[in-house]
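Residue numbers run from 1 in the order of the sequence given.
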Amino acid sequence: RSAVLSYAVLSYAVLRSAVLSYAVLRSAVLSYAKLPGGEKISDSPRPFLQVGGLGSDGRMLLAFSTDKGIRLTTGCFFGSVDEFKAKLKTTHGDNVHAVEYEAALTLIETHFKLWPAKKS
């Protein structure tokens, strides 16, 4: 938590129990590192995006481009965009926090469209 990992080479690292809240990952190399579900971070030039403070607790929402699509983590949640949207609906309905998270999701999805994984 709160680690400064700028320019760190984390290729192929296993991040299963890592807490990356408030971590600084600027220019860190994350390609093929593994997340909690075993997903491999893609070789996108920008495979990570962090947006915060969101929701009722001002949390950070971390997003990763992986071999299984976008994966999100915040608080104790880790999963896909669809799983996040379902959790968002049950937790916040359509309140201000839900609207804020939806806006963040739009930014995240746009970011990964602009920075796709490299073609082999």
Going by chain and number, the hydrophobic cluster around V96 (ILVMFWY, side chain to side chain under 4.5 Å) further includes none

Any side-chain heavy atom of L72 sitting closer than 4.5 Å to one from L62?
no

Treating Ile, Leu, Val, Met, Phe, Trp and Tyr as nodes and any side-chain heavy-atom pair under 4.5 angstrom as an edge, say whether I41 and L61 lie in one connected cluster.
no

Under 3.5 Å, side chain of T90 to main-chain N/O of K87, donor-acceptor pair present?
yes

Is a donor on one side and an acceptor on the other found under 3.5 Å between the side chain of D43 and the backbone of K118?
yes

Heavy-atom pair of closest approach, residues P116 and P45
O-CD, 3.4 Å

Quick one: are S42 and T66 in side-chain contact, heavy atoms under 4.5 Å?
no

Going by salt bridge (charged side-chain N to carboxylate O under 4.0 Å, His left out), name the pairs with one or both residues in residues 70-85, residues two or more places apart or in two chains.
E39-R71

Honestly curious: do V81 and F78 fall in one hydrophobic cluster under the side-chain, below-4.5 Å linking rule?
no

For the pair N95 (side chain) and H97 (backbone), establish whether a donor and an acceptor sit closer than 3.5 Å, ignoring hydrogens and angles.
yes

Which heavy-atom pair separates F84 from L105 by the least distance, and what is that distance?
CD2-CD1, 3.8 Å

Residue list, side chain to side chain contact (heavy atoms under 4.5 Å, CB included) with H111, at least two apart or on another chain:
R46, L49, W115

Parallel, tilted or perpendicular: which fits the ring planes of F64 and F48, with parallel below 30° and perpendicular above 60°?
tilted

When you compare the side chain of E102 with that of L88, does any pair of heavy atoms fall below 4.5 Å?
yes

If hydrophobic clusters are built by linking Ile, Leu, Val, Met, Phe, Trp and Tyr wherever their side-chain heavy atoms come under 4.5 Å apart, do F77 and L107 end up in the same one?
yes

Checking R59, Q50, M60 against T74 for side chain to side chain contact (heavy atoms under 4.5 Å, CB included), the one that qualifies is R59

Which pair of heavy atoms, one from E100 and one from G55, lies closest together, and at what distance?
OE1-N, 2.8 Å

Test of understanding: clusters of I, L, V, M, F, W, Y form through side-chain heavy atoms closer than 4.5 Å, transitively. Do I70 and Y101 belong to the same one?
yes

